[in-house]
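Quantities reported herein were computed from a predicted structural model and do not represent experimental measurements. Proteins get letters first, then strands, A, B, ... in listed order; numbering begins at 1 in each.
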Number of protein chains: 2
Amino acid sequence: MELYVERGFEQTTVAEIAQRAGLTARTFFRYFADKREVLFAGSASLQEHLVSALEGAPPAAPPMEAISTALAAAAAMLGGRRAYSRQRQSVIAAHAELRERELIKMASLSAALAEGLRRRGVAAADASLAAEAGIAVFRVSFERWVSEPTERELAQVMRDSLSQLRALTADRGPDQVVDAASA
Amino acid sequence: MELYVERGFEQTTVAEIAQRAGLTARTFFRYFADKREVLFAGSASLQEHLVSALEGAPPAAPPMEAISTALAAAAAMLGGRRAYSRQRQSVIAAHAELRERELIKMASLSAALAEGLRRRGVAAADASLAAEAGIAVFRVSFERWVSEPTERELAQVMRDSLSQLRALTADRGPDQVVDAASA
DNA sequence: AGGGTGATGTCATCAAGTGACATTGAGCCA
DNA sequence: TGGCTCAATGTCACTTGATGACATCACCCT
């Protein structure tokens, strides 16, 4: 991480990372599948937390409410380290390869949430859609949280984004409003 | 594509691809930034189509309606080649590196849609959220369309998924229903 | 003490990707 | 016709990422 910040991701070689850690490049690859993975080491534990939060939601809660519980757990894990998150995010944002890796982690998160929902008895179709929507909220919220100058809490940003999504999907425009009124 | 199907993505080398095309590896890299990009050559044109469909939506249409128009355009482009889409999808699904690339293409699509919405006068926050939600619908729909045995049209799957998302986000569970009734 | 076990190092090798420069060939113009 | 230009392609050399095979070393257990 030090090296990535100092000289950029592409400009730092695995040999250098290993050297600074007092190890060999070969050893590096025994701990990290590739050069990018260093920045995503914590993502597995984040995923576990989200899933277990999902499991802890009231059984009667509808899918998006359960997702909201999971998002709150995410906020609790990440919300305390805004400075670090900013630094990490700026490294990732600067390199397409890293953004790719981040996206696949998000996709994995989405899949895990969908599976968690299915275990709660949610229909498969609803589950993946709700999970995708939840991840969309996560992504947008996190980005806002690190980039906004205001010091709004991550959990709050997430709640706001979710209700914003609700409003957006509910808004079917003038035509549909007329239809609904005449129905 | 032939080689990727024949022997898998990792097992085929750029030298082999170039040889089958009657070229040199060096020349391959003049056409494709990397080995993965071959499978995503058409994505730029897909993105252009979606954005111009978005621009063509009625100015008064709310964000998600405009997004829905763009999704219809996507369905029109892709809906006719289910067999090819299946083959391509199976190659991509089998390799994490390819899924990464696909995800970043989707993210690029999302960013383009968000920008298109902003040009329509949608607030930035709404725009990115609506775009993300739209891409979520796209992703889920496409996956269903290639994997379902039924021969439902892609456009239809997309419409169904979108209204499903509407229902999911609207469902706030028993508590909120009571609140709403007492309000 | 001796032996197993896990972490690390060493070496060799392959494939991805890139920069610098040479070659070819098609079209064009005086 | 002869020569020029320009784009596409080839050739070569090199760096780096990544992996397999095998050697070593330190430590723990009995």
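- Rounded to whole Å, the distance from CD on Q19(A) to C1' on dT8(C) is 16 Å.
- Between D34(B) and L23(A), the residue anchored closer to the 5' end of DNA chain C is L23(A), taking for each the nucleotide with the nearest heavy atom.
- If you take CD of E16(A) and C1' of dG17(D), they are 13 Å apart, rounded to a whole angstrom.
- A salt bridge is defined here as a Lys NZ or Arg NE, NH1 or NH2 lying under 4.0 Å from an Asp or Glu carboxylate O, and E151(B) with R82(B) meets this definition.
- At least one side-chain nitrogen or oxygen of T13(A) sits closer than 4.0 Å to the OP1 or OP2 atom of dG17(D).
- One cannot find a donor-acceptor pair under 3.5 Å joining the base of dG17(D) and the side-chain atoms of R26(A).
- Under 3.5 Å, the side chains of D160(B) and Q164(B) contain no donor-acceptor pair of N or O atoms.
- If you check every strand for non-hydrogen atoms under 4.0 Å, A33(A) touches sugar and phosphate atoms only.
- Here K35(B) does not pair with E97(B) in a salt bridge; the nearest charged N to carboxylate O distance is not below 4.0 Å.
- Following rounding to the nearest Å, R7(B) (CZ) and dA15(C) (C1') show an atom-to-atom distance of 14 Å.
- Closest to the side chain of K35(B), out of dA16(C), dT9(D), dT8(C), is dA16(C).
- Nearest to the side chain of V14(A), among dG17(D), dA7(C), dA8(D), sits dG17(D).
- Neither side chain, R86(A) nor Q89(A), offers a donor N or O lying under 3.5 Å from an acceptor on the other.
- Residue contacts shown for T24(B) include a base, since a base heavy atom lies under 4.0 Å away.
- One interatomic measurement links the two molecules: CD of E10(A) to C1' of dG17(D), which rounds to 13 Å at whole-angstrom precision.
- The CZ-C1' distance, from F28(B) to dG10(D), rounds to 17 Å in whole Å.
- Atoms CD1 (I17(A)) and C1' (dT16(D)) sit 12 Å apart, rounded to a whole Å.
- The CD atom of E97(A) sits 15 Å away from the P atom of dA16(C) (whole-angstrom rounding).
- Residues R30(A) and T27(A) are in side-chain contact: their nearest non-hydrogen atoms beyond the backbone lie under 4.5 Å apart.
- The nearest whole Å value for the distance from the CZ atom in R30(A) to the C1' atom in dA23(D) is 11 Å.
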